[in-house]
Amino acid sequence: MSIDSNDDAVFKAMANGLRRQILDALKEAPRTTGALCEQFSDLDRCTVMQHLKVLEEANLVLVRRDGRERWNHLNALPIRAIHRWISQYSDHAMSVLTALQQQLDGEKE
């Protein structure tokens, strides 16, 4: 399984803690940009929009316009794709830890 430039954009977008918080908010339900600005009231609207743009470019947020409102929806498919890649490493780590535990248990006996 390889990783491509789309995955690079997902990793870059998710590297920022605020963007992960925005994704967490969208996991609960789609939100308008105005609602996100209210939720992250310590930031100005321009900053929230910049973060949403990065998420949209990484295909993590899908936008639907309804009149003057911009609805932001979570797209979890790119996260699922990188999860499959990352899980290879967690499986390996678990096998190493299991072998270490078995070795330690053997030394105790």
Side-chain angles (χ1 to χ4, degrees):
M1 189 177 308
S2 66
I3 195 147
D4 62 20
S5 62
N6 291 337
D7 294 334
D8 290 344
V10 173
F11 279 111
K12 181 180 177 182
M14 293 181 63
N16 181 280
L18 178 65
R19 290 193 285 264
R20 290 192 304 272
Q21 289 177 31
I22 291 171
L23 291 175
D24 287 342
L26 295 176
K27 181 175 61 174
E28 296 171 12
R31 298 181 195 266
T32 63
T33 300
L36 287 169
C37 290
E38 287 176 17
Q39 183 170 347
F40 299 97
S41 59
D42 53 325
L43 303 172
D44 61 61
R45 184 177 182 84
C46 184
T47 301
V48 173
M49 291 291 296
Q50 287 173 342
H51 285 290
L52 283 170
K53 181 179 179 186
V54 172
L55 292 168
E56 187 178 357
E57 288 173 353
N59 200 28
L60 290 165
V61 169
L62 303 175
V63 175
R64 181 181 55 83
R65 297 190 188 282
D66 184 14
R68 292 183 55 149
E69 292 183 319
R70 173 190 153 110
W71 283 89
N72 302 282
H73 299 258
L74 173 66
N75 179 16
L77 292 177
I79 297 170
R80 184 179 204 93
I82 63 169
H83 177 265
R84 284 195 307 263
W85 181 78
I86 289 173
S87 67
Q88 298 174 62
Y89 292 92
S90 65
D91 293 345
H92 174 72
M94 288 306 299
S95 65
V96 169
L97 290 173
T98 300
L100 177 61
Q101 183 64 48
Q102 290 171 347
Q103 181 182 5
L104 292 172
D105 288 345
E107 289 175 3
K108 289 179 184 177
E109 295 173 359

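All of these numbers come straight from a predicted model, not from anything done at the bench. All values below were derived from every heavy atom in this structure, side-chain atoms included, with hydrogens, water molecules and symmetry-related copies excluded.
- For CZ of R80, the number of neighbouring non-hydrogen atoms (other residues, nucleotides, ligands) closer than 6.0 Å is 12 at most.
- For H73, the NE2 atom sits in a packed shell: over 12 heavy atoms of surrounding residues, nucleotides or ligands are nearer than 6.0 Å.
- When the side chains of ILVMFWY residues are joined at heavy-atom separations under 4.5 Å, either directly or via intervening members, L62 and L52 end up in two distinct hydrophobic clusters.
- The CH2 atom of W71 sits 9.5 Å away from the CZ atom of R31 when rounded to the nearest 0.5 Å.
- Linking ILVMFWY side-chain heavy atoms closer than 4.5 Å, directly or via other members, places L77 and L74 in two distinct hydrophobic clusters.
- In this structure, K53 NZ and C46 SG are separated by 10.5 Å, a value rounded to the nearest 0.5 Å.
- Residues L43 and L36 share a single hydrophobic cluster, defined by chaining ILVMFWY side chains whose heavy atoms lie under 4.5 Å apart.
- Between the N75 side chain and the N59 main chain, a donor and an acceptor come within less than 3.5 Å of each other.
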If you look only at distance, which donor and acceptor atoms sit under 3.5 Å apart when one is on a side chain in residues 14-26 and the other is two or more places apart or in another chain?
from, atom 1, to, atom 2, distance (Å)
N16, OD1, L18, N, 2.9
N16, OD1, R19, N, 3.1
R19, NE, A13, O, 2.8
R19, NH1, H51, ND1, 3.2
R19, NH2, K12, O, 3.4
R20, NH1, M14, O, 2.6
R20, NH1, A15, O, 3.2

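- Rounding to the nearest 0.5 Å gives a distance of 4.5 Å between CZ of R70 and OG1 of T33.
- Residue E28 holds its CD atom at 7.0 Å from CD of Q39, rounded to the nearest 0.5 Å.
- Taking CG of L100 as the reference point, atom CD of Q102 lies at 9.5 Å (rounded to 0.5 Å).
- How far OG1 of T47 is from CG of D42: 9.5 Å, rounded to the nearest 0.5 Å.
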